[in-house]
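Sequence positions, counted from 1, serve as the residue numbers for this chain.
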Amino acid sequence: MGRLEGKVAFITGGGAGIGRASALLFAAEGAQVVVAERDAAAGEETVALVARQGGPQARFVATDVTDADSVEQAVRGTLQAYGRFDVLYNNAGGSTVRDGRVTETPVQEFWDKIKLDLFGTWLGCRYGIQAMIDAGHGGSVINSTSIFALIGTHGKDAYTAAKGGVSALTRSMAVEYAAQGIRVNAVAPGATATERVLKLLQDDGVTVRSLQGQLFGLVQPEDIARTALFLACGDSRSTTGQILAVDGGLTIS
């Protein structure tokens with residue numbers, strides 16, 4: 001029996017990278033997976049890849065994590081379709097080369113990062129946690145922060161502000177919802193071999209410098225997915241309010 005047998009997992013940004021790796025792994029472990037993704041083609045491709053490996057089938061739901069109505073409808077539809085809501089993985093997010101020092105970064109870049117990385121996570125929790133409460137089975141919330149929220153770095157002041165907010169929100173909600181049997185944790189990836197990060201490595205000196213400090217080099221998306229799986233399943237039943245770094249050793253180098 002898989003570690004997520006009989007569970008329903010809702011993964012934002014499930015169309016590529018870490019989100020796709022997590023969708024494949026969660027399904028392999030027995031979960032019904034909802035791929036909440038803005039890019040329909042990418043989301044449907046993840047669903048097709050899940051189908052090829054057999055086991056529980058995934059479902060694509062068009063979702064814009066920065067839009068409250070979109071997130072609410074996606075979460076409500078999931079609960080109606082499956083009758084339960086066990087795992088929320090707020091994976092959608094990312095940085096851009098427009099980011100920089102607080103004295104130089106465009107103001108709009110700051111608000112873009114807050115809206116996608118922090119507000120998007122906040123919306124996922126707003127509706128996802130309520131769905132867990134309504135289903136009455138408890139659950140696990142997994143947020144995506146960053147090693148840049150744990151260490152000082154150059155050139156990412158908007159992104160680190162947003163991801164730092166995610167870390168603080170994670171700890172706060174862990175306290176808020178423990179009584180309902182809901183655990184809230186976060187994963188803090190280092191530079192990870194996704195298509196987005198590989199492109200950043202061509203244009204973004206900050207990401208290049210951080211990779212140079214990763215003792216084991218680029219993290220693989222599957223490594224982040226395995227950490228998310230630990231947080232999603234009963235193996236982590238006593239773990240809440242924690243930020244788990246999967247960074248190839250960057251934070252200690």
Side-chain angles (χ1 to χ4, degrees), residues 2-51 53 55-67 70-79 81-82 84-94 116-117 120-129 131-132 135 139-145 166 170 182-189 192 194-196 220-233 236 244 246:
R3 283 175 283 182
L4 295 178
E5 195 75 32
K7 305 292 187 183
V8 174
F10 185 95
I11 303 175
T12 68
I18 294 168
R20 174 173 288 176
S22 298
L24 290 167
L25 180 60
F26 284 19
E29 290 287 342
Q32 298 283 348
V33 176
V34 175
V35 179
E37 169 65 53
R38 184 171 57 182
D39 183 333
E44 293 288 8
E45 185 177 353
T46 296
V47 168
L49 290 170
V50 170
Q53 70 183 13
Q57 299 300 295
R59 176 187 183 194
F60 164 67
V61 178
T63 310
D64 179 353
V65 299
T66 68
D67 181 86
S70 177
V71 176
E72 182 179 19
Q73 290 172 14
V75 169
R76 184 189 297 128
T78 298
L79 186 56
Y82 296 106
R84 60 188 300 143
F85 197 104
D86 303 286
V87 179
L88 167 65
Y89 187 4
N90 288 306
N91 164 74
L116 175 59
D117 293 294
T121 298
W122 189 88
L123 284 177
C125 292
R126 177 178 179 83
Y127 298 112
I129 289 176
M132 290 177 182
S140 173
V141 176
I142 307 157
N143 294 325
S144 181
T145 181
V166 170
T170 296
I182 296 170
R183 298 178 294 106
V184 187
N185 295 285
V187 181
T192 304
T194 63
E195 289 184 5
R196 183 185 63 81
Q220 296 303 308
E222 293 76 15
D223 295 330
I224 308 298
R226 292 187 188 100
T227 302
L229 172 63
F230 166 72
L231 294 174
C233 75
S236 60
L244 301 188
V246 186

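Listed by chain and number, the residues in a side-chain contact (heavy atoms from CB on, under 4.5 Å) with Ala232 are Leu4, Phe26, Val87, Ile142 (sequence neighbours excluded). By the side-chain contact (heavy atoms from CB on, under 4.5 Å) test, Leu79 pairs with Phe85, Ala131, Asp134, Ala135, sequence neighbours left out. Partners of Ala225 according to the side-chain contact (heavy atoms from CB on, under 4.5 Å) rule, which considers only residues two or more places apart in sequence or in another chain, are Ala21, Ser22, Leu25. Arg183 meets the side-chain contact (heavy atoms from CB on, under 4.5 Å) test with Ser140, Asn185, Ser236, Thr240; sequence neighbours excluded. The side chain to side chain donor-acceptor pair (under 3.5 Å) test applied to Glu44 returns no partner, not counting sequence neighbours.
Looking at Arg20 and Glu45, a side-chain N of the basic residue comes within less than 4.0 Å of a carboxylate O on the acidic one, giving a salt bridge.
Smallest separation of non-hydrogen atoms from Ala62 and Ser70: O-OG, 4.0 Å. In terms of heavy-atom proximity, Arg226 sits nearest to Asp223 at NH1-OD1, 2.9 Å. When all heavy atoms are compared, the tightest approach of Cys125 to Val141 is SG-CG1, 3.9 Å. Closest of all the heavy-atom pairs between Ala228 and Tyr89 is CB-CE2, 3.7 Å. Shortest non-hydrogen contact noted between Val8 and Thr78 is CG1-CG2, 3.8 Å. Closest of all the heavy-atom pairs between Val50 and Ala27 is CG1-CB, 3.6 Å.
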For Arg126 and Glu72, what are the C-alpha separation, side-chain angles and deciding distance, and is it a side chain to side chain contact (heavy atoms under 4.5 Å, CB included)? CA-CA 9 Å; Arg126 177 178 179 83; Glu72 182 179 19; over 6 Å; no

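Here CZ of Arg3 is found 4.5 Å from CG of Leu229. Values are rounded to the nearest 0.5 Å. Distance check, rounded to the nearest 0.5 Å: CG of Leu123 to OG1 of Thr63 gives 11.5 Å. In this structure, CG on Leu88 lies 5.0 Å from CE on Met132, to the nearest 0.5 angstrom. Annotation: the span from Asn143 atom CG to Leu231 atom CG amounts to 10.0 Å, rounded to 0.5 Å.
A donor-acceptor pair under 3.5 Å is formed between the side chain of Asn91 and the backbone N or O of Gly13. For Thr145 (side chain) and Val187 (main-chain N/O), no donor-acceptor pair under 3.5 Å exists by modelled atom type. A donor-acceptor contact shorter than 3.5 Å links the side chain of Asp117 to the backbone of Gly94. Checking side-chain atoms of Gln57 against main-chain N and O of Gly55 turns up a donor-acceptor pair under 3.5 Å. Without hydrogens or angle criteria, Thr121 side chain to Val166 main chain gives no donor-acceptor distance under 3.5 Å.
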Which side-chain N or O atoms in residues 30-39 pair as donor and acceptor under 3.5 Å with protein atoms at least two apart or in another chain?
unit_1	atom_1	unit_2	atom_2	d
Glu37	OE1	Gly15	N	2.8
Glu37	OE2	Asp39	N	3.0
Asp39	OD1	Ala41	N	3.1
Asp39	OD1	Ala42	N	3.2

